[in-house]
Amino acid sequence: MIGALLRNHPKRWQYYVSQLKKKNVSKLKPKFEYEYPTLTEAIRMSINNLSDELREIYEDFAVFHEESKVPAQVLCILWDEEFEVVEDWMEDLVNKSLARRTVTSEDVMGTWYSVHNLQLTFLQEQATNLDALHKKLVDRYRNVYKGKFNEMINDGYIHWNLLRHMLKAGLIGEAQKLVTDLRWLAAKLDVTGPADLLNDYLSIKGQVDDKDLKIIADFHHFASVNAHLFVEKPLPDLVQMALSESMESEVYKQAQDKAMQLALKESCILIGGAVYCCKFSQEANKVVSCGAADKTVKVWESQSGKEPAVFDRSF
């Protein structure tokens, strides 16, 4: 259609490009007899000609962002189907020029799909309940991982976009719990790094009640001041780092609870006499203690309780 328009008006290339960028496809009307009067109608007819099952599947793409390449693994979860079934459906859509396929490896983690911006805009404009679509995706992931979002595998998509889908679905309370959970912070930082996490806090701040802003602010501050450390691999122990926050901070309070739970699960180290100071190493695999009675500094293995090194007062 664009080629036909240029044939009659070859100097309008920039105009047509600008209309495409603005997604004003309804203005691109050919001055000749054509089966579909506008590009919008051409897209509509190509979708309407799909089978009912394939059309319903295709309409689910409205839940994704226009710049997203969607891994096949995400579609398997969204549609609750095996990779081979998803691959067959998507092959049909690709052959009809309704989707694009990118392959880095012939498996569920190396196959990605996307929809052209104009087609995606049409899907989103026609969607009658986008909130429900976003909730559907969140619910699918919740069911697969039994509510433990921090245990999700890195599929190249969900760690970057889970909060956005929660907010779009109106799951504000659940979104707040997510970004104020140290376990989720560790999982997300390991995949995305600190920049995307900081953007998440900016995204949610305008959508929570004033009474909850302090909690969000505490976690935002924690992520901001330690961002330079969160780029390290392996990731530093977040609970140990959070214990350095102000005792009034919600980050500190949560870390304290988790440290107490960990202490109850692990074997206790018995030390004769009073202990002046005790601190975990950054990797949390060592504990150093300073005793009062024997005037020694001891280094312990945090998991086994073994004492590999002792330094007396002469040191």
Side-chain angles (χ1 to χ4, degrees), residues 145 147-167 171-266 275-290 297 299-303:
Y145 290 99
K148 298 178 180 179
F149 293 120
N150 58 292
E151 295 182 3
M152 297 188 300
I153 64 171
N154 177 17
D155 59 21
Y157 178 85
I158 195 61
H159 287 85
W160 301 87
N161 293 283
L162 178 59
L163 181 72
R164 182 179 71 86
H165 289 300
M166 284 184 173
L167 295 178
L171 302 173
I172 308 302
E174 190 169 4
Q176 179 183 335
K177 289 181 180 178
L178 183 76
V179 299
T180 56
D181 185 335
L182 285 173
R183 295 170 300 176
W184 169 250
L185 265 65
K188 182 175 175 70
L189 285 168
D190 190 52
V191 174
T192 71
D196 197 69
L197 177 64
L198 293 173
N199 284 333
D200 281 354
Y201 289 118
L202 296 177
S203 298
I204 196 174
K205 275 188 174 180
Q207 303 194 46
V208 298
D209 296 333
D210 291 343
K211 62 183 178 63
D212 297 320
L213 279 177
K214 181 187 181 302
I215 301 176
I216 299 293
D218 286 346
F219 277 84
H220 189 189
H221 174 267
F222 174 64
S224 298
V225 298
N226 294 296
H228 63 292
L229 298 175
F230 292 154
V231 297
E232 297 179 2
K233 297 291 183 180
L235 193 68
D237 184 84
L238 262 66
V239 172
Q240 177 63 29
M241 295 179 67
L243 289 173
S244 299
E245 293 291 293
S246 164
M247 294 179 66
E248 301 301 317
S249 168
E250 291 296 327
V251 181
Y252 174 87
K253 294 176 183 178
Q254 188 178 131
Q256 186 181 44
D257 289 341
K258 294 188 181 302
M260 292 298 294
Q261 293 170 13
L262 181 62
L264 291 174
K265 290 180 180 179
E266 302 296 339
V275 176
Y276 276 169
C277 180
C278 182
K279 189 171 184 178
F280 281 91
S281 65
Q282 192 175 46
E283 295 78 16
N285 60 347
K286 297 286 192 301
V287 182
V288 61
S289 67
C290 176
V297 174
V299 179
W300 309 80
E301 292 181 0
S302 60
Q303 296 294 320

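Below, each value reflects all heavy atoms present in this structure, side chains not excepted, and no hydrogens, waters or symmetry copies.
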Asks: Are Asp200 and Arg164 ion-paired here, with the side-chain N under 4.0 Å from a carboxylate O?
Replies: no
Asks: Looking at Lys205, I'd like to know if its NZ atom is crowded, meaning that more than 12 non-hydrogen atoms belonging to other residues, nucleotides or ligands lie closer than 6.0 Å.
Replies: yes
Asks: Check whether Asp218 reaches the backbone of Glu250 with its side chain - one donor and one acceptor, N or O, closer than 3.5 Å.
Replies: yes
Asks: Which heavy atom of Leu163 sits nearest a heavy atom of Ala175, and at what distance?
Replies: CD1-CB, 3.6 Å
Asks: Give me the atom names and distance for the closest heavy-atom approach of Lys233 to Leu189.
Replies: NZ-O, 4.0 Å
Asks: For Asp196, give me all partners under side chain to side chain donor-acceptor pair (under 3.5 Å), at least two apart in sequence or on another chain.
Replies: Lys188
Asks: Compare every heavy atom of Leu198 with every heavy atom of Ser224, then report the nearest pair and how far apart it is.
Replies: OG-CD2, 3.5 Å
Asks: If you apply the rule side chain to side chain contact (heavy atoms under 4.5 Å, CB included), what do you find for Glu245 with His221, and how did you get there?
Replies: CA-CA 10 Å; Glu245 293 291 293; His221 174 267; 3.5 Å; yes
Asks: So which atom in Pro194 and which in Ala227 form the shortest heavy-atom distance, rounded to 0.1 Å?
Replies: CG-O, 3.6 Å
Asks: Quick check against the 3.5 Å criterion: does Gln254 have a side-chain atom that pairs as donor or acceptor with the backbone of Leu182?
Replies: yes
Asks: Quick one: do Tyr201 and Val179 satisfy side chain to side chain contact (heavy atoms under 4.5 Å, CB included)? Show the steps, please.
Replies: CA-CA 7 Å; Tyr201 289 118; Val179 299; 3.7 Å; yes
Asks: Would you please classify the geometry between the His159 ring and the Trp184 ring as parallel, tilted or perpendicular, with 30° and 60° separating the classes?
Replies: parallel
Asks: Atom NZ of residue position Lys177 - does it have more than 12 heavy atoms of other residues, nucleotides or ligands inside 6.0 Å?
Replies: no
Asks: Would Asp257 and Lys253 pass as an ion pair if we require N to O under 4.0 Å?
Replies: no
